[in-house]
Student: 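My questions all concern the structure below.
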Number of protein chains: 2
Amino acid sequence: MPKDRAPTRIQKKNRAAILEAALNVFSAHGFRGATVDQIAAEAGLSKPNLLYYFPSKEAIHTALLSGLLETWLAPLHDLDAGGDPMEEILSYIRRKLQMSRELPRESRLFANELVQGAPRIHDALSKDLKALVDEKTTILTGWMDQGKIARLHPYHLIFSIWALTQHYADFDVQVRAILGDEDPFKGAEPFVDTLYRKLLAP
Amino acid sequence: MPKDRAPTRIQKKNRAAILEAALNVFSAHGFRGATVDQIAAEAGLSKPNLLYYFPSKEAIHTALLSGLLETWLAPLHDLDAGGDPMEEILSYIRRKLQMSRELPRESRLFANELVQGAPRIHDALSKDLKALVDEKTTILTGWMDQGKIARLHPYHLIFSIWALTQHYADFDVQVRAILGDEDPFKGAEPFVDTLYRKLLAP
DNA sequence: TCTTGATTTGACCATCTGGTCAAACTCACG
DNA sequence: CGTGAGTTTGACCAGATGGTCAAATCAAGA
């Protein structure tokens, strides 16, 4: 285990390679389904070498999740009370959909964890996530009070956005099995845009 | 392994107990995360005894999935070209939401499988599911042509229904972490109802 | 009751998996 | 160079896990 001095060139490179490999493996097989050997192989390291950088499989998973949670929630963080309500929400939705396209592994990493009861991030959900959502639903409710957008249950509004956008990453196989060659996002973007324009129109 | 005569009383009871236990365990931990011992214990059998009824862990999983696929797709099957378009669709949505509430384990069983690339049901997706969806989107498109409902991408319309309704079962922990004590479905039902009424209004 | 097939189990096995460790090797820097 | 910290690895281990098997037990019809 490297001391806690400034990380060396090699440490930076290997830690990054491990996390990248772990993202591939954990997102495709879940925590239990992933093996340390698999991650090590994909990172181009031997297993003992990998365990020189992270003390355990669980530690890699935790590092991944907590490192990516911020990225994952950034779009919601950026929802601005000062902006135009409809534009703010639609822009949030577009960013979420874009993340589904560009960061599907991250989406599935969280999906795997959530479907199985989030044993490793339960805390982050009921603390950080809840706090963030509460902050933003206050903004949404404010806009509803001002008649800027239709009155809806703000929590369920947010759930609907998550469900709709992440569906394309999480259940990618199913979507592709049905759409065939068609690019899922080509149709998804105008669809969700239309959906939320109609839904939110005051 | 019992011969393929008519199943005895004991065979019926034990097979049912095994599938029930397997549903609990597979839906909570995924295929890889589930252990045969765990399923056997939950079914009240010893491991060798369980393996007397099913030849392998994989066989249990396959039996479960194929046995439940029909149940899972029944609501879509019932979408009737002869009925009132808006009522047919809203009734489909209500049934899907009801299944999310009453059969969350089944939902998570499929979610687990799908998130990890559906290695064991890829065939059923691109054959049975695709055929069913194609049949029903034809109906939807017909209704759109007649101006009975708004014109939308029919595949994405169906995806949106799946995403919205199954979200409450699949990501239950997250929903509860945010809603607290509030019953998720109390708010969800009017929300999705409103959503699709607005979306589908011609 | 007796017999036969169905059911159940304890003991066992091979493999996989997360993790350890001491020894070897490499790198940067004085 | 030389040297000490940083890095890598082969060999190894303990426990978990899927699965097997022969022997024991049970159930039901003749």
Side-chain angles (χ1 to χ4, degrees), chain A residues 1-65 112-113 116 119-120, chain B residues 1-65 112-113 116 119-120:
Chain A
M1 332 131 185
K3 313 289 180 183
D4 50 1
R5 307 180 187 170
T8 68
R9 169 182 63 88
I10 295 176
Q11 277 171 38
K12 271 190 212 169
K13 195 191 83 196
N14 283 347
R15 279 178 187 275
I18 291 168
L19 290 175
E20 168 72 14
L23 177 57
N24 279 331
V25 178
F26 281 134
S27 68
H29 304 288
F31 180 77
R32 190 63 157 55
T35 73
V36 176
D37 277 300
Q38 218 180 335
I39 299 172
E42 192 141 337
L45 300 173
S46 66
K47 181 167 60 169
N49 198 7
L50 179 149
L51 289 167
Y52 169 73
Y53 290 100
F54 288 89
S56 69
K57 179 184 176 181
E58 178 121 24
I60 305 173
H61 195 249
T62 303
L64 244 196
L65 280 174
N112 259 303
E113 187 67 10
Q116 297 182 11
R120 279 166 283 273
Chain B
M1 330 135 186
K3 313 289 179 185
D4 49 2
R5 307 180 189 170
T8 68
R9 169 182 62 88
I10 295 176
Q11 276 170 40
K12 270 190 210 166
K13 195 191 82 195
N14 283 347
R15 278 179 188 277
I18 291 168
L19 290 175
E20 168 72 14
L23 177 57
N24 279 331
V25 178
F26 282 134
S27 69
H29 304 288
F31 180 77
R32 191 63 158 52
T35 75
V36 176
D37 278 300
Q38 216 178 337
I39 298 173
E42 193 141 338
L45 300 173
S46 66
K47 181 168 59 169
N49 198 8
L50 180 149
L51 289 167
Y52 168 72
Y53 290 100
F54 289 89
S56 68
K57 178 184 175 181
E58 177 121 23
I60 306 174
H61 194 251
T62 303
L64 243 197
L65 281 174
N112 258 304
E113 187 66 10
Q116 297 181 12
R120 278 167 283 272

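Bear in mind that the values here come from a model prediction, so they are computed numbers and not experimental data. Proteins come first, then strands; the chains are lettered A, B, ... in the order of their sequence lines, and each starts at number 1.
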Student: Main chain of A/R120, side chain of A/E113: is a donor-acceptor contact present, judged purely on distance under 3.5 Å?
Tutor: yes

Student: Please classify the nucleic acid contact of B/A59 as base, sugar-phosphate, or nothing, using heavy-atom distances under 4.0 Å.
Tutor: nothing

Student: Apply the side-chain contact (heavy atoms from CB on, under 4.5 Å) test between B/K57 and each candidate in B/T35, B/T62, B/V36; give the one that qualifies.
Tutor: B/V36

Student: Please determine if B/R32 forms a cation-pi arrangement with B/F26, meaning its NZ or CZ atom is less than 6.0 Å from the six-membered ring centre and no more than 45° off the ring axis.
Tutor: no

Student: Provide, to the nearest angstrom, the distance between the CG atom belonging to A/L45 and the P atom belonging to C/dG19.
Tutor: 16 Å

Student: Check the pair A/H29, A/Q38 against side-chain contact (heavy atoms from CB on, under 4.5 Å), reporting the backbone distance first and the verdict last.
Tutor: CA-CA 11 Å; A/H29 304 288; A/Q38 218 180 335; 3.4 Å; yes

Student: For C/dA28, take OP1 and OP2 only and decide whether either is under 4.0 Å from a side-chain N or O of A/T8.
Tutor: no

Student: If you check every side-chain atom of A/R9, which of D/dG19, D/dT7, C/dC27 has the closest atom?
Tutor: C/dC27

Student: So, OP1 or OP2 of C/dA6: does either fall under 4.0 Å of a side-chain N or O from B/N14?
Tutor: no

Student: For the pair made of NE2 in A/H29 and P in C/dG18, what is the distance, rounded to whole Å?
Tutor: 12 Å

Student: Look at the side-chain N and O atoms of B/R15 and state whether any lies under 4.0 Å from the OP1 or OP2 oxygen of C/dT7.
Tutor: no

Student: For a quick check of understanding: with a heavy-atom distance under 4.0 Å over all strands, which category does A/A34 fall into, base, sugar-phosphate or nothing?
Tutor: sugar-phosphate

Student: Ignoring backbone atoms, test whether B/Q11 places a side-chain nitrogen or oxygen under 4.0 Å from the OP1 or OP2 oxygen of C/dA6.
Tutor: no

Student: To the nearest 0.5 Å, how far apart are CD in B/E42 and CD1 in B/I18?
Tutor: 12.5 Å

Student: Measure the distance from CZ on A/F54 to C1' on C/dT20 and round it to the nearest whole Å.
Tutor: 19 Å

Student: From the options C/dT17, C/dT20, D/dG19, select the nucleotide whose nearest atom is closest to the side chain of B/S56.
Tutor: D/dG19

Student: Whole angstrom is fine here: how far is it from OH in B/Y52 over to P in D/dG19?
Tutor: 18 Å

Student: Looking at the base of C/dG19, is there any donor atom on it, or on the side chain of A/K57, that sits under 3.5 Å from an acceptor on the other one?
Tutor: no

Student: Do any side-chain nitrogens or oxygens of B/S46 fall under 4.0 Å of OP1 or OP2 in C/dT8?
Tutor: no

Student: Let me know, please, whether B/P48 or B/I10 comes out on the 5' side of the other along DNA chain C by nearest nucleotide.
Tutor: B/I10

Student: Name the closest nucleotide to the B/Y53 side chain, picking from C/dT17, D/dT20, C/dT7.
Tutor: C/dT7

Student: Using whole Å, report how far CD1 of A/I60 lies from P of C/dT17.
Tutor: 15 Å

Student: Closest approach of A/I39 and A/A21, non-hydrogen atoms and distance?
Tutor: O-CB, 3.5 Å

Student: What is the separation between atom CG on B/L50 and atom C1' on D/dT20, rounded to the nearest whole Å?
Tutor: 14 Å

Student: Take the protein atom CD of B/Q38 and the nucleotide atom P of D/dG19, then report the distance between them rounded to whole Å.
Tutor: 15 Å

Student: Quick one: B/L51 CG to D/dC21 P, roughly how many Å, whole number?
Tutor: 12 Å

Student: Between B/N49 and C/dG10, does any side-chain N or O lie under 4.0 Å from OP1 or OP2?
Tutor: no

